[in-house]
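See structure below.
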Number of protein chains: 2
Amino acid sequence: MTDLVAPGGGARAERSHRLGRPPSTSRAELEEVALRLFAERGFDETSVEDIAAAAGIGRRTFFRYYPSKLDLVWGDFGAGLDDMRTRLAATPPEVPTMQAVRAGVVEFNRIPQEKVEQHRRRLGLILGVSTLVANSTLRFSQWREVIAEFVAARTGCRPDDLLPRVVGHCALGAAVAAYEGWLQGAGTDLAAMLDEALRLLADGCT
Amino acid sequence: MTDLVAPGGGARAERSHRLGRPPSTSRAELEEVALRLFAERGFDETSVEDIAAAAGIGRRTFFRYYPSKLDLVWGDFGAGLDDMRTRLAATPPEVPTMQAVRAGVVEFNRIPQEKVEQHRRRLGLILGVSTLVANSTLRFSQWREVIAEFVAARTGCRPDDLLPRVVGHCALGAAVAAYEGWLQGAGTDLAAMLDEALRLLADGCT
DNA sequence: ATCATAATGGCACTGAGTGTCGAAGGAGGA
DNA sequence: TCCTCCTTCGACACTCAGTGCCATTATGAT
């Protein structure tokens, strides 16, 4: 959904193309180069021209791999959303709605041990760099929509009714609060943080 | 807090300046001109140059009244925040926390009858134009902070602990959900919508 | 009239993002 | 081998937001 039709026909250049000039780089390589530059000089201090030069491509070509500098940071966000939607839809009806939401969100954020540090760096950018904080809202609206659709299906109303909207916004809010707490504390566990935040929500924030 | 030191020394040119060349326009006038143009052609289709020309000032001068095109839409947001902070701090201790939050948020959004349409247009821009949706996050973080500070004071913890953060994020989420519902329905009442949304939150989103 | 002061606006610059178009570089067929 | 097709590449030029710099302008005070 969020995916751009990047050169090579897929997200990476791994699949051998059949026709035409082969892509000279890949999204994965661009991300690697860019995230390194961001870590060294900062996001705002790194221009697209810098990234392109470091990756050995032209500035114009960068925008054929990503529609903007911001989008590069998000990785495969869309794929995760699809997973969450599927998992929520498969929840047995006897599980209470908010409990299903909590489980779904926690599962959405499950990351393999070896990718924890990378995830931390990405989230640090997303929640720390003001340009990206702003942009995140647009990304997260799709996230909220997944939740709202699930709640709407459960309660037999439309996704744009008040209750599904409130749950979507609040579940996201709780998740972001957990992200912030996780980034703030050094050795904390993201899953536990999320679970706790969503439990607070389900208990009426008391 | 959000206020820029605009020409004239204040938010408007009403207070006669003491020295130097008098401002050639005011924030209020710029807002009027700009919001009219936004309504006619759309936000993204209206350049700062257009606004400046319509207001009879230079492009460069526009940026002395507002730091960006986005900031123009928000009016006196900062003043409202200070009110909410004060009102929350003055809440009697016997009022439950979430009830105080609900009352505070509803009060924050109280608008005089004659300004309802203008408010609707502003909110429509803020929640409808993607550039502004993105920017809103930054504004709303101050809003969340006011709530989080109150909850922290009530529960005797720090504003960056999990509970205050969750309440801040969720109260904002509920409020935004209410805004969306209000904009969506024609003759709905914003205060009632907000009250309902925050009641849902306090009831654990069930 | 002259001076101090503050707003104005023109100019030039950076940086994101976009349209266009010719060139490059592979695969497959003649 | 050479030609053709197809796709990516990258250069150029453009719009627009935002910023630094600085001469100009309009006022009140002396």
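Convention: sequence-line order gives letters A, B, ...; per-chain numbering from 1.
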For [X], check side chain to side chain contact (heavy atoms under 4.5 Å, CB included) against everything at least two apart and list the hits.
| X | answer |
| --- | --- |
| A:S24 | A:I57 |
| A:L163 | A:V151, A:T155, A:V167, B:L200 |
| B:A148 | B:P164 |

Tell me: [atom1] of [X] to [atom2] of [N], nearest whole Å?
| X | N | atom1 | atom2 | answer |
| --- | --- | --- | --- | --- |
| A:L19 | D:dC3 | CG | P | 19 Å |
| A:D44 | D:dG18 | CG | P | 13 Å |
| B:F63 | C:dG10 | CZ | P | 14 Å |
| B:R27 | C:dA7 | CZ | C1' | 15 Å |
| B:E45 | D:dT15 | CD | P | 16 Å |
| A:E49 | C:dG17 | CD | C1' | 13 Å |
| A:N135 | C:dA16 | CG | P | 14 Å |

Can you run down the side chain to side chain donor-acceptor pair (under 3.5 Å) pairs that involve residues 42-57 of chain B, sequence neighbours left out, and say none if there aren't any?
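As it turns out, the side chain to side chain donor-acceptor pair (under 3.5 Å) pairs with a partner in residues 42-57 of chain B, which skip direct neighbours, are B:R41-B:D50, B:D44-B:T131, B:S47-B:D50.
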
A:I147 and A:L172, any side-chain heavy atoms less than 4.5 Å apart
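No; the side chains remain at least 4.5 Å from each other.
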
Closest to the [X] side chain, choosing from [options]:
| X | options | value |
| --- | --- | --- |
| A:K69 | C:dG17, D:dA17, C:dG26 | C:dG17 |
| B:P23 | C:dA6, C:dG25, C:dA7 | C:dA7 |
| B:R21 | C:dA6, D:dA17, C:dA16 | C:dA6 |

Extract all donor-acceptor atom pairs below 3.5 Å that involve side chains of residues 100-107 of chain B and protein atoms in other chains or at least two apart in sequence.
{"residue": "B:R102", "atom": "NE", "partner": "B:D195", "partner atom": "OD1", "Å": "3.1"}
{"residue": "B:E107", "atom": "OE1", "partner": "B:R110", "partner atom": "NE", "Å": "3.3"}
{"residue": "B:E107", "atom": "OE2", "partner": "B:R110", "partner atom": "NE", "Å": "3.3"}

Can you run down the salt bridge (charged side-chain N to carboxylate O under 4.0 Å, His left out) pairs that involve residues 161-179 of chain B, sequence neighbours left out, and say none if there aren't any?
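Salt bridge (charged side-chain N to carboxylate O under 4.0 Å, His left out) check on residues 161-179 of chain B returns A:E180-B:R165.
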
Phosphate OP1/OP2 of D:dC9: any A:S24 side-chain N/O under 4.0 Å:
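The answer is yes; a side-chain N or O of A:S24 sits under 4.0 Å from OP1 or OP2.
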
Looking at A:Y65, does any N or O in its side chain come under 4.0 Å of the phosphate oxygens OP1/OP2 on D:dC9?
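A:Y65 to D:dC9 OP1/OP2: side-chain N or O found under 4.0 Å.
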
Looking at DNA chain C, which of residues 50-62 of chain A put a heavy atom within less than 4.0 Å of it?
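Per residue number, the list reads A:R59, A:R60.
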
Could you tell me how the ring of B:W182 sits relative to the ring of B:H119: parallel (under 30°), tilted (30 to 60°) or perpendicular (over 60°)?
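Rings of B:W182 and B:H119: tilted, as their planes differ by 30° to 60°.
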
Roughly how bent is the helix from C:dA1-D:dT30 to C:dA30-D:dT1 end to end, in steps of 10 degrees, with each end axis from five pairs?
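So the angle between the two local helix axes works out to 20°.
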
With a 3.5 Å cut-off and sequence neighbours excluded, list the donor-acceptor pairs that the side chains of residues 30-38 of chain A form with protein atoms.
{"residue": "A:E31", "atom": "OE1", "partner": "A:R122", "partner atom": "NH2", "Å": "2.6"}
{"residue": "A:E31", "atom": "OE2", "partner": "A:Y66", "partner atom": "OH", "Å": "2.7"}
{"residue": "A:R36", "atom": "NH1", "partner": "A:E40", "partner atom": "OE2", "Å": "3.4"}

